[in-house]
Amino acid sequence: MARHLITSALPYINGIKHLGNMVGSMLPADVYARFLRQTGRETLYICATDEHGTPAELGAKELGLPVDTFCAQQHDAQKAVYEGFNLSFDYFGRSSSPENREITQHFARQLQKNGFIEERAIRQVYSLTDGRFLPDRYIVGTCPHCGYDKARGDQCENCTRVLDPTDLIDARSAISGSSDLEVRETKHLFLLQSKLQGEVEAWIDEHGKDWPVLASSIARKWLTEGLNDRAITRDLDWGVPVPADTWPELAAEGKVFYVWFDAPVEYIGATKEWADQDPENRDWKSWWYEAADVRYTQFMGKDNVPFHTVMFPATQLGTREPWKKVDYVKAFNWLNYYGGKFSTSQKRGVFTHDALEILPADYWRYFMMANAPESDDTSFTWELFSATVNKDLADVLGNFVNRVLSFSRKRFGDEVPAGSEEGEAEAELGRQIAELLAEYERHMEELQFRKAAQALRALWSAGNSYLETKAPWLEIKTDPEGAALTLRTAMNLIHLYAIVSAPFIPASAAAMRAAFQLEGDTATWVTQDEARSLTFVPAGTPFTVPPVLFAKITEDDLAAYRERFGGGEEPTA
């Protein structure tokens, strides 16, 4: 059986991320990782903060902190938020780690050895006001392709086109805001992607045919336009240094590697960080080097696709070493906020720490996955959020759990009642649950998260339909044993829901499961036969009624959220 390696695009170190960032990479990766673990697959889920490049330096400058202190603080702050969302990373590392430095420098040496790195003199923007060369993200201006006036020197946030700083119109320094710029000559290392284009194309032809259209189309668009040689060093004070044993002159000048060169390497580096915590029992290299038994799945927003499907595979291929390359790229479109983009820089939309301050993580986890932007951009609105929470979580699941357990305790006490033997209604329910579970599993295996959420809701709805049909509140008046059977069956459904809902709503699933004081309850998943028989929770099992799983969002709540975050106004770019 294959081992499963999962990574999600590394969040930049500068600031807490918004919901669009969460749903586009980390949350779906977590849902998938949880599902794989529960269904018995060996799984390693790796992520890290992306700590190099200009966002780190500019963020530290803004707060008046040394950049290493800033990164350490921001890493801890982000990690706390992700723990609040119950993201089940096996390891959450840092791209500034010694492990990443070591492996990044190794990659560079191998590429140099194999003739895929070249030192070139280039003309680069120099700020007379700041007295330094400006790396790409230190330059902002107007995108020549779409006219967005806050484009960065490496990529336009609006149209996602990759740029060079000299492409920008009305360029200015991100440090001082000065437009007193000139172009001077300096030396940098270039990755000769043009020499690797044929190999990358052949690799994508072989491995990318089953990727989602979003991922494969972006990768092929880059290849159609042709791979250009790309500078992989920058003039920064913070980053993985160019190794002096290979490039002494550039090392003496303080050159560091471009963040998009070392950041993907951190997937490997973070795995080594994980292994270094327990070296006797963990082997990082078996996941990445000659790892034929590993299936590697990456999760990312569409803006990250080119770097992961073209640039990093080219880097790996150029080492001429058997590094594990991605098998499946799950790419997402944008989650927008009332039709306009979530934006960290513009502080537009709901940010993850604020979300947790308002409501527990499971509300957000379910909403985002049920509305994941898989085929198209989708839009967050408070109206859609409240409708999803109230209808699916509060009315369908939460109400079912509460009324079953409360009614049974009121009529039969604090143990699961026995009742009569199962009849045709229970047999039909078992067949329906088994079919819906198979559908849910299929969508999860295929990484179709919106469809998986629909199938999960259908499982919850089947319990409500059974309860409405049997109506134990009426049944108990004429057939107490039949009512007891209905409630025992419904309690078994609650236990099943607790298991299969855990990838989406882990905290609520744990609360449902903890309602039953069931000895030896070690099941991690439900088989089709178990779903048909519904015999997890036998008669006589003590139970408690948990607090309300999901409170409804009221109109007053909505008004408060709109006042705090905005909503319904005309979107801005």
Side-chain angles (χ1 to χ4, degrees), residues 6-34 45-53 55-56 58-60 62-63 65 68-97 263 266-267 270 273-274 299-301 303-304 332 334-335 337 341-369 371-373 380 382 385 389 449 502-510 561 564-565:
I6 297 172
T7 63
S8 49
L10 308 185
Y12 274 132
I13 194 66
N14 59 327
I16 301 300
K17 305 307 162 192
H18 53 67
L19 295 183
N21 184 281
M22 175 67 72
V23 74
S25 58
M26 288 174 282
L27 180 56
D30 176 71
V31 170
Y32 185 54
R34 286 177 176 274
Y45 177 23
I46 294 292
C47 193
T49 39
D50 183 0
E51 301 189 5
H52 293 141
L58 292 175
E62 184 177 344
L63 295 177
L65 292 173
D68 56 344
T69 302
F70 170 80
C71 288
Q73 291 178 357
Q74 291 294 310
H75 173 84
D76 290 345
Q78 288 197 31
K79 185 179 180 182
V81 171
Y82 304 145
E83 289 173 350
F85 269 91
N86 285 313
L87 299 184
S88 60
F89 303 123
D90 288 285
Y91 191 76
F92 186 66
R94 303 180 60 185
S95 69
S96 61
S97 69
E266 169 59 8
Y267 297 130
E273 293 171 53
W274 163 79
F299 291 80
M300 68 198 69
D303 56 329
N304 286 326
F332 289 84
W334 302 127
L335 175 67
Y337 186 75
K341 284 187 178 181
F342 280 86
S343 173
T344 301
S345 59
Q346 298 178 37
K347 297 181 172 58
R348 174 180 170 78
V350 184
F351 288 73
T352 49
H353 63 312
D354 293 323
L356 292 177
E357 183 182 314
I358 295 170
L359 289 166
D362 282 355
Y363 290 66
W364 302 103
R365 287 178 63 104
Y366 179 79
F367 168 79
M368 285 189 279
M369 298 316 300
N371 297 279
F380 177 95
W382 289 109
F385 176 68
V389 168
F449 293 106
F504 280 77
I505 48 172
S508 304
Y561 300 156
R564 177 173 176 180
F565 298 100

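- For Thr352, there are no side chain to side chain donor-acceptor pair (under 3.5 Å) partners at least two apart in sequence or on another chain.
- Thr7 places none of its side-chain heavy atoms less than 4.5 Å from the side chain of Met300.
- Trp274 contributes no side-chain N or O that, together with a main-chain N or O of Ile46, makes up a donor-acceptor pair within less than 3.5 Å.
- Using modelled atom types, no side-chain atom of Asn304 and backbone atom of Ala9 make a donor-acceptor pair closer than 3.5 Å.
- One N or O on the side chain of Asp362 and one on the backbone of Ala507 form a donor-acceptor pair closer than 3.5 Å.
- For the pair Phe385/Leu19, no side-chain contact is recorded, criterion being any heavy-atom separation below 4.5 Å from C-beta on.
- The two residues Phe92 and Thr49 have their closest heavy-atom pair at CZ-CG2, 3.7 Å.
- Residue Phe565 comes nearest to Gly349 through the heavy atom pair CD2-O, 4.1 Å, listed as atom of the first residue, atom of the second, then distance.
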Practice task
Could you walk me through whether Glu266 and His52 pass side-chain contact (heavy atoms from CB on, under 4.5 Å), step by step?
Solution key: CA-CA 11 Å; Glu266 169 59 8; His52 293 141; over 6 Å; no
Practice task
Show your working on side-chain contact (heavy atoms from CB on, under 4.5 Å) between Leu27 and Phe449 and close with a plain yes or no.
Solution key: CA-CA 11 Å; Leu27 180 56; Phe449 293 106; over 6 Å; no
Exercise for the section: Would you sort out whether Ile13 and Phe70 count as a side-chain contact (heavy atoms from CB on, under 4.5 Å), showing the intermediate values? Expected result: CA-CA 9 Å; Ile13 194 66; Phe70 170 80; 4.2 Å; yes
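- The nearest pair of heavy atoms linking Ala502 to Arg34 is O-CD, 3.9 Å.
- Side-chain contact between Val389 and Tyr366 is absent, with no heavy atoms from C-beta onward closer than 4.5 Å.
- Across every non-hydrogen atom of Phe85 and Arg365, the tightest pair is O-NH1, 2.8 Å.
- Counting heavy atoms from C-beta outward, Met26 and Phe89 have side chains that approach closer than 4.5 Å.
- For Phe380 and Phe367, the ring centers are positioned less than 6.0 Å apart.
- Here the closest heavy-atom approach between residue Ser25 and residue Phe299 is recorded as O-CB, 3.5 Å.
- At a threshold of 4.5 Å between non-hydrogen side-chain atoms, the residues Leu65 and Gln73 count as touching.
- Contact between Val23 and Met368 at its shortest, heavy atoms only, is CG2-O, 3.5 Å.
- The backbone N or O of Tyr12 lies less than 3.5 Å from a partner atom in the side chain of Gln78, making a donor-acceptor pair.
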